[in-house]
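Only one structure is covered here, and it is reproduced in the block below.
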Amino acid sequence: MPELLDKITSPQDLRGLSTKEMGRMAKEIRQLIIDTVSSTGGHLSPNLGVVEMTLALHYVFDSPRDKIIWDVGHQCYTHKILTGRREEFSSLRQMDGVCGFPVKEESEHDVYNTGHASTALSAALGMATARDRKGEDHHIIAVVGDGGLTGGIAWEALNQIGHLRERLIVVLNYNEMSISPNVGAISRYLTYLVSGQYYLRMKDHAKTFLKAIPLIGWPMIKVGRAFEETIKKTFFPGLLFEEMGLRYIGPVQGHSLPSLVEVFEEAKGHDGPVLILCVTKKGKGFGPAQDNPSKFHSAVPFEKTTGLSRTTDKRPTYSSVFGRTAIELAEEDDRVVAITAAMPDGTGLGPFGERFPDRLFDVGIAEQHAVVFSTGLALEGFRPVVAIYSTFLQRAYDQLYHDVCLMDIPILFILDRSGIVPDDGPTHQGINDIVYLRHLPNMIVMAPKDENELRHMLRSALNYGHPVAIRFPKGKVCGVPMDQGWKEIPLGKAELLKEGKDLLLAFGNMVRPGLEAAELLAKKGIDLAVVNARFAKPLDEALIREHIRPGSTIITAEEGVIDGGFGSAVREFLDREQYFDLRFKRLGLPVEIYPVGKVEQIKARYRLDVPGLVAQIEDFYQGGKQS
Ligand SMILES: Cc1ncc(C[n+]2csc(CCOP(=O)(O)OP(=O)(O)O)c2C)c(N)n1
């Protein structure tokens, strides 16, 4: 039974505790996180790694007066537990429950909504600048991981932080991991700062050396800080953060409460930007997560004793079908290379990396760079396959337009987690991609109805000679039989699945529920032809023309926002061709902030599941408004 945690209703209550009691509290929090996440799923290993750091932050600083900004935000569970949401914590990731990321609307202690990486430093600098303009004196603390620091915006922020020199504190959580092991030169540099206490060793050697010098040795050591500076400058001219204008403190043992409290207190007194490098262990306190922090980065519900998943559904995911097909394609053509922005496992490219270690590039959390890097590869004859979650590719909109589409560069973009995304809330919804892609010149936008079609689409798309985006949802495949060979999917060709009087054009994973709905509606006298559109761009205009009769009804269905999406493409086509004598309805998602919940729950709420589709279409036939 938690004893200490029971007494905490706000961070203020921490102040009376000894560091020993805080240590006990850390244990209680860890247990609560493990108990909860084992049944709800969630970001287990990142959260277990920052329990002490969060306790120390709330002990030293005065939230919400002092503002703590969590980069990505996936590590905010202890923060939520300490800031009045302990009771609700059992509703983590449940429909309309506690969000796994900071949400301003949930608490005054969540000062900045996040979900996408590398934004905390920019937001913190903006807030620090505003604070000083307003003559206020609170502290601003940004907590960023070594993975978050591979994102370009973080460096844009550091550039300006070193320029403005506003008073703010950056806590850099170094655990050698992004979701997978962290990569890149920055990661290497941090490892160098931390590894073997190289700097401390140098200092000790230098002290021994100075002590040995008669008369002047000891006085020189006593000069203290000046001595340290000299050593740093002599042996570390590249101490990057100091050179950039931030006071650097570290490395600090990130699970030692006394050390953390001491350095946070020290940082509080500094009149400029400070960066504290904390070394933590991802997954700390739960063996399976410590041994495999990637697997437990965002865990599905698991058995607490073994860490084994509780899921019994053995079907593969869309991501793994993509990953397997990418290997097949790379075996056929040695120009095929794969690019991921810090998500080799999430995107299903892990096995590709094992099979072709030199042909998988993990660029870090750097979606913009991933796109332009691929442009360079493609211009020199390679065939890049770039796998990025739909929500994160939003980052690279300009690169898609400026670097890919204007030059009509053939790159295959894989938009994993398109459509409604479970568990993580509004920041992770993949519902905008059809809209942000379909108006780009030369861009082809596709979505398969099932995993078998995905496989054929991947191969066909590589040969279209243009940029292509293929979107598919998070989660398990439909379970259809897989063809052995390849089938060519001609560019812009849709597939008629069911004949009928009126027309239902469904895109991607709306095809199967659309078909089911049409069958149920047939029993109610509504006769719909069902088309698997396959392409949101280019549309199969010939097929649509063939199915239009005077007075007919056309319905579109997509798992994406309606405004500017697939249905809008159809509507624009009908307007261009002056088809006015028909009834038209777009089914999809409204433009709004989406709740946390499971896919089925969110689909049901927005009436995109089979009963919802039936109801919406029936309403429309009974005189519902066109839209
Ligand atoms: C723009 C963007 N790309 C990818 C992700 C997916 N993602 C979530 S957490 C994470 C790793 C973050 O690593 P780090 O900042 O070191 O935090 P840790 O999990 O190690 O505590 C990634 C890649 C994201 N949230 N945002």
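Numbering of ligands and ligand atoms starts at 1, following listing order. Just so it is clear, the structure is predicted and the values come from calculations on it, not from any experiment. Both backbone and side-chain heavy atoms feed into the values below; hydrogens, waters and symmetry mates do not.
Looking at Lys80 and Glu106, a side-chain N of the basic residue comes within less than 4.0 Å of a carboxylate O on the acidic one, giving a salt bridge. With respect to Glu559 and Arg471, no salt bridge is recorded, no charged nitrogen being found less than 4.0 Å from a carboxylate O.
For the pair Phe264/Leu57, a side-chain contact is recorded, criterion being any heavy-atom separation below 4.5 Å from C-beta on. At a threshold of 4.5 Å between non-hydrogen side-chain atoms, the residues Leu190 and Leu172 count as touching.
Counting non-hydrogen atoms of neighbouring residues, nucleotides and ligands closer than 6.0 angstrom, the NZ atom of Lys27 reaches no more than 12 such neighbours.
Using the six-membered ring where Trp is involved, Phe352 and Phe356 have ring planes that are tilted, between 30° and 60° apart.
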Measure from every N or O atom of ligand 1 to the protein's N or O atoms and keep only the pairs below 3.5 Å, writing each with atom names and distance to 0.1 Å.
residue	atom	partner	partner atom	Å
ligand 1	3 (N)	Glu367	OE2	2.6
ligand 1	15 (O)	Gly148	N	2.8
ligand 1	16 (O)	Asp146	N	3.4
ligand 1	16 (O)	Asp146	OD1	2.9
ligand 1	16 (O)	Gly147	N	2.7
ligand 1	16 (O)	Met177	O	3.0
ligand 1	19 (O)	His74	NE2	2.7
ligand 1	19 (O)	Lys282	NZ	2.7
ligand 1	20 (O)	Asn175	OD1	3.2
ligand 1	20 (O)	Asn175	ND2	2.9
ligand 1	20 (O)	Met177	O	3.0
ligand 1	20 (O)	Lys282	NZ	3.0
ligand 1	21 (O)	Asn175	ND2	3.4
ligand 1	25 (N)	Gly115	O	2.9
ligand 1	26 (N)	Ala117	N	2.9

